There are 2 protein chains.
Amino acid sequence: MDVFQAIADPTRRQIISLLANASLPVNAVAHNFDMTRPAISKHLRILTKCGLVTIRKEGRERYCTVVLSQLAAIGHWVIQYQHFWTDVPDPAAYRRPTYKRRKDDQ
Amino acid sequence: MDVFQAIADPTRRQIISLLANASLPVNAVAHNFDMTRPAISKHLRILTKCGLVTIRKEGRERYCTVVLSQLAAIGHWVIQYQHFWTDVPDPAAYRRPTYKRRKDDQ
DNA sequence: TATTTTCGTAACCAAACGGTTACTTATGGA
DNA sequence: TCCATAAGTAACCGTTTGGTTACGAAAATA
């Protein structure tokens with residue numbers, strides 16, 4: 001499953017922001033939504049399939065943890081157009097400044 | 001139609017990057033893909049519905065222009081997690097430095 | 001041991017998605 | 001005027017999506 005596809009659903013984005021605060025068992029996640037647990041289970045399955053969530057078993061509970069680094073693909077894609085939605089004038093503005101080399105530099 | 005949903009499809013992301021270089025008539029867009037023009041028409045319709053593309057009529061051609069500022073929603077959403085996928089240590093690092101005020105400053 | 005709780009999963013369903021073909025309209029050019 | 005080209009749109013189709021209910025397995029608890 002594609003990460004872009006994974007974050008397309010608003011419920012899944014809410015799950016991500018929920019888990020960004022704390023890892024939670026499946027039921028605890030489900031209690032935050034107006035739908036049945038199996039529906040949340042399906043969303044969590046999609047999120048784990050693309051690495052956005054990992055699950056560790058603890059007793060009879062499964063703790064879900066979000067792996068935010070997996071959002072890199074989204075970040076890299078959108079950042080190439082960043083100067084169109086921020087006040088950053090141009091990507092070129094981020095080039096390191098060049099300094100004149102003094103002639104006695106080795 | 002949601003912008004997150006709009007960029008979920010890889011064809012639509014390709015259309016966006018294609019139009020980021022230049023505005024193009026519908027057929028010109030379609031020639032870049034291995035599918036029929038009506039299929040591309042549908043994708044363009046979805047992109048225009050959420051403001052990611054505008055179309056201006058010119059003779060019998062319709063020029064498509066991408067509106068990259070509409071990606072702001074994506075950008076703002078993903079940037080709150082940016083420090084997880086870049087080497088930026090923490091958002092707090094962006095705070096303006098504080099300077100000691102000299103006592104003769106007005 | 002019996003019961004409750006947590007969770008996965010299968011089966012099902014309606015709606016949306018992503019494509020096609022066929023047809024129509026509008027414009028430009030011979 | 002007649003034809004070619006650009007593009008929209010309707011109808012259709014198979015697959016995917018996002019939800020449900022029903023059931024079963026494993027772990028904690030009485």
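Heavy-atom basis, side chains included; hydrogens, waters and symmetry copies ignored. Letters go in sequence order (proteins before strands), and every chain restarts at 1. Because the structure is predicted, anything quoted here is derived from the model rather than measured.
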Engineer: Within the structure shown, what part of the strands sits under 4.0 Å from A:P38 by heavy-atom distance: base, sugar-phosphate, or nothing?
Structural biologist: base
Engineer: Which whole-number value in Å describes the distance from A:I40 CD1 to D:dG18 P?
Structural biologist: 12 Å
Engineer: So, does A:R12 use its side chain to make a donor-acceptor pair with the main chain of A:I7 at under 3.5 Å?
Structural biologist: no
Engineer: What's the CD1-P distance between A:I7 and D:dG18, to the nearest Å?
Structural biologist: 13 Å
Engineer: Find the distance A:K49:NZ to D:dT16:P and express it as a whole number of Å.
Structural biologist: 12 Å
Engineer: Has B:R13 got a side-chain atom pairing as donor or acceptor with B:A8's backbone, closer than 3.5 angstrom?
Structural biologist: yes
Engineer: Give A:R45 one of three labels, base, sugar-phosphate or nothing, depending on what nucleic acid heavy atoms sit under 4.0 Å from its own.
Structural biologist: sugar-phosphate
Engineer: From the set C:dT6, C:dG19, C:dT27, return the single nucleotide nearest to any side-chain atom of B:K57.
Structural biologist: C:dT27
Engineer: Just verifying a value: how many Å separate A:N32 CG and A:T11 OG1, rounded to the nearest 0.5 Å?
Structural biologist: 11.5 Å
Engineer: Distance check needed: C:dC17 C1' versus A:Q5 CD, whole Å only.
Structural biologist: 10 Å
Engineer: Verify the contact: side-chain N or O of A:N27 to OP1 or OP2 of C:dC7, cut-off strictly under 4.0 Å; return yes or no.
Structural biologist: yes
Engineer: Of the nucleotides D:dG19, C:dC7, C:dT20, which one has an atom closest to the side chain of A:E61?
Structural biologist: C:dC7
Engineer: Hey, is the side chain of A:R60 poking within less than 4.0 Å of OP1 or OP2 on C:dT4, counting only N and O atoms?
Structural biologist: no
Engineer: For A:M35 and D:dT21, what is the distance between atoms CE and P respectively, to the nearest whole Å?
Structural biologist: 13 Å
Engineer: Starting at the 5' end of DNA chain C, which residue's closest nucleotide do you reach first, A:Y63 or B:D9?
Structural biologist: A:Y63
Engineer: Please check this pair: side chain of A:Q70 against backbone of A:C50, looking for a donor-acceptor N/O pair closer than 3.5 Å.
Structural biologist: yes
Engineer: Nearest of C:dC7, C:dG18, D:dT20 to any side-chain atom of B:I46?
Structural biologist: C:dG18
Engineer: Quick check for you: among D:dA7, C:dG19, C:dA11, whose closest atom lies nearest to any side-chain atom of B:R37?
Structural biologist: D:dA7
Engineer: Tell me whether the OP1 or OP2 atom of C:dC7 has a side-chain N or O from A:S41 closer than 4.0 Å.
Structural biologist: no
Engineer: Where the side chain of B:K42 is defined as all heavy atoms beyond and including C-beta, which of D:dA11, C:dG8, D:dA6 is the nearest nucleotide?
Structural biologist: D:dA11
Engineer: Measure the shortest side-chain to side-chain distance between B:Y81 and A:I74 over non-hydrogen atoms and say whether it is less than 4.5 angstrom.
Structural biologist: no
Engineer: If you find the nucleotide of DNA chain D closest to A:G59 and the one closest to A:T36, which residue's nucleotide is nearer the 5' end?
Structural biologist: A:T36
Engineer: Just the rounded figure in Å: distance from C1' of D:dA7 to CD of B:E58.
Structural biologist: 15 Å
Engineer: Check the distance between C:dG18's C1' and B:R12's CZ and give it to me in whole angstrom.
Structural biologist: 9 Å
Engineer: Less than 4.5 Å apart, any side-chain heavy atom of A:H43 and any of A:V29?
Structural biologist: no
Engineer: Could you tell me whether the phosphate oxygens of C:dC17, OP1 or OP2, come under 4.0 Å of any side-chain nitrogen or oxygen in B:H43?
Structural biologist: no
Engineer: Once you round it to whole Å, what is the distance between P of C:dT5 and CZ of A:R62?
Structural biologist: 18 Å
